[in-house]
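Here is how names work: the chains are called A, B, and so on, in the same order as the sequence lines, proteins then strands, and each is numbered from 1. Hydrogens, waters and symmetry mates play no part in the numbers below; they use all other heavy atoms, side chains included. All values derive from a computational prediction rather than experimental measurement.
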Protein chains: 2
Amino acid sequence: MSHDRMPLTIAIVEDHPVVVEGLQRILINDLPIRAIREYYTGKDFIEDVKRGRQPIDVVLLDITLPDMNGIDLCREIKVLLPDTYILGFSNHNDRSLVMQLLANGACGYILKNASASEIITCILHALDGQVAFSEEIKRIINKPSAQQLKAIPPLTKREKQILKMIAEGKTSVDIAKDLMVSPFTVETHRRNLMQKMDVKNAAALIRTATELQLL
Amino acid sequence: MSHDRMPLTIAIVEDHPVVVEGLQRILINDLPIRAIREYYTGKDFIEDVKRGRQPIDVVLLDITLPDMNGIDLCREIKVLLPDTYILGFSNHNDRSLVMQLLANGACGYILKNASASEIITCILHALDGQVAFSEEIKRIINKPSAQQLKAIPPLTKREKQILKMIAEGKTSVDIAKDLMVSPFTVETHRRNLMQKMDVKNAAALIRTATELQLL
DNA sequence: TTTCATATACTGGAAAACCAGTAGAAAAAG
DNA sequence: CTTTTTCTACTGGTTTTCCAGTATATGAAA
């Protein structure tokens, strides 16, 4: 699709005025802009959206806002404006945060250290329906940390099976019935799982297992 | 970066011969190919990688393999070949599956219904360090299902706080001490959380909360 | 000001999990 | 064939969670 397009309406949800100023200048210089709307809080933005003003093409969304976190806001925006492209725009370079934002409806993420041209390129990619990341985020996503990959202890086949059933909310008695073993056996497997994951209870076990993509 | 590049080595991990045949033809027609290696199981692929043959530029990875699931394989490949680009190549169009593959080191995903040109474009994007999806996957990622967005029950501020602490593995007594309230209060919050999420225990609560990106 | 939602706290009890230990059979690996 | 790993199962006990109910104070919304 051509990059010539109708003038854009872009919303900036960001609580640092100097950042807003800089973004405005970059956007105006390099994109066909109809309007740029600035919001310092999530609440302000949501209220404005609910007033039903003209559509927003792109939202540049900080993760850290004074009144709510950007991930919750992202999900809420996506409900209200399903066709709007949301790009994270933040200092946070934590991989799981980026993935969380994507999981909540964003289609890209730009670190605040990105150059003007990177920012514009990401917005254009987003408008083309691409998933759009600034360069450093691409590197972060393509190379999961060594710690993240190595931290996974080896689980036996039976342990994995029991882990999944625990995550489904089944009690040890339930699991014992399903697998036709003694509840004592299930309890031993649970204990072994908790030792391998270095946790003390089922809640932490499931949290850790989910983080390690074992479920 | 130019798309003229050194001849590529591409691995196809796929158990349907007709799919492998079709992929081969597409790749040979449109890319500078040094070698195409075919594997029908994850184990075959891992063994070959461990023999230390020449590097692989791109892996096209089915999710459903006879001997293991593609997500586990993806993670294992990424440990062994950190600089190789892995693209999912599957019939599964479930959004969470795509996100899981990305979380495990893949840099893209192609549905099997993609055209030849889409496949080539994705591979070229991946080689450029882009996150690369075929068109339908882009649509799926950009529009989380209404069900997925709406299913999240509203949690109060205190509930969210207690949910996080439960996920950290803290007992109700621990949480009560930290928040300077009665353990009975924490127990009531837990019960309310479980009712809202329609679960019966902490393991299922944490699993569900993670799926809903509340943690 | 009133109503509703949230947060707090308790009773009495049962169920489940966690703890630390021990131990043997079967399967897998060397 | 031997050794190691996995899976199985139990004892005795404590801690924690889950259950269903009730109730009041405070804050927020109408």
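- Nucleotide D/dT15 holds its P atom 14 Å from the CG atom of B/Asp174, rounded to whole Å.
- Following rounding to the nearest Å, B/Ile206 (CD1) and D/dT17 (C1') show an atom-to-atom distance of 13 Å.
- Using a 4.0 Å cut-off between charged side-chain N and carboxylate O, A/Glu168 and A/Lys164 make no salt bridge.
- At whole-Å resolution of the value, CE in B/Met165 and P in D/dT16 are 15 Å apart.
- Between the CG atom of B/Leu163 and the C1' atom of C/dA7 there is a distance of 17 Å, given to the nearest Å.
- The CG atom of B/Leu31 sits 5.0 Å away from the CD1 atom of B/Ile33 when rounded to the nearest 0.5 Å.
- Nearest approach of A/Leu61 to A/Cys74, heavy atoms of both residues: CD2-CB, 3.7 Å.
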Could you write out each protein N or O paired with an N or O of nucleotides 7-13 of chain D at a distance under 3.5 Å?
residue	atom	partner	partner atom	Å
D/dC7	OP1	A/Arg158	N	3.2
D/dC7	OP2	A/Thr156	OG1	2.2
D/dT8	OP1	A/Arg158	NE	3.2
D/dT8	OP1	A/Arg158	NH2	2.7
D/dT8	OP2	A/Arg158	NE	3.1
D/dT8	OP2	A/His189	NE2	2.9
D/dA9	OP2	A/Ser182	N	2.6
D/dA9	OP2	A/Thr185	OG1	2.7
D/dA9	O5'	A/Thr185	OG1	3.3
D/dC10	OP2	A/Ser182	OG	2.8

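- Remark: A/Asp57 CG to A/Ile10 CD1 distance equals 7.5 Å, nearest 0.5 Å.
- More than 12 heavy atoms of other residues, nucleotides or ligands shown are found within 6.0 angstrom of CG on A/Asn113.
- Look at CG on A/Leu205: it is 8 Å from P on C/dC18, rounded to the nearest Å.
- Residue-environment remark: CZ (A/Arg34) exceeds the threshold of 12 foreign heavy atoms within 6.0 Å.
- Atom CG in B/Leu193 sits about 13 Å away from atom P in D/dT17, given to the nearest Å.
- With rounding to whole Å, A/Lys200 atom NZ is found 5 Å from C/dC19 atom P.
- B/Lys160 places its NZ atom 12 Å from the P atom of C/dT6, with the value rounded to the nearest Å.
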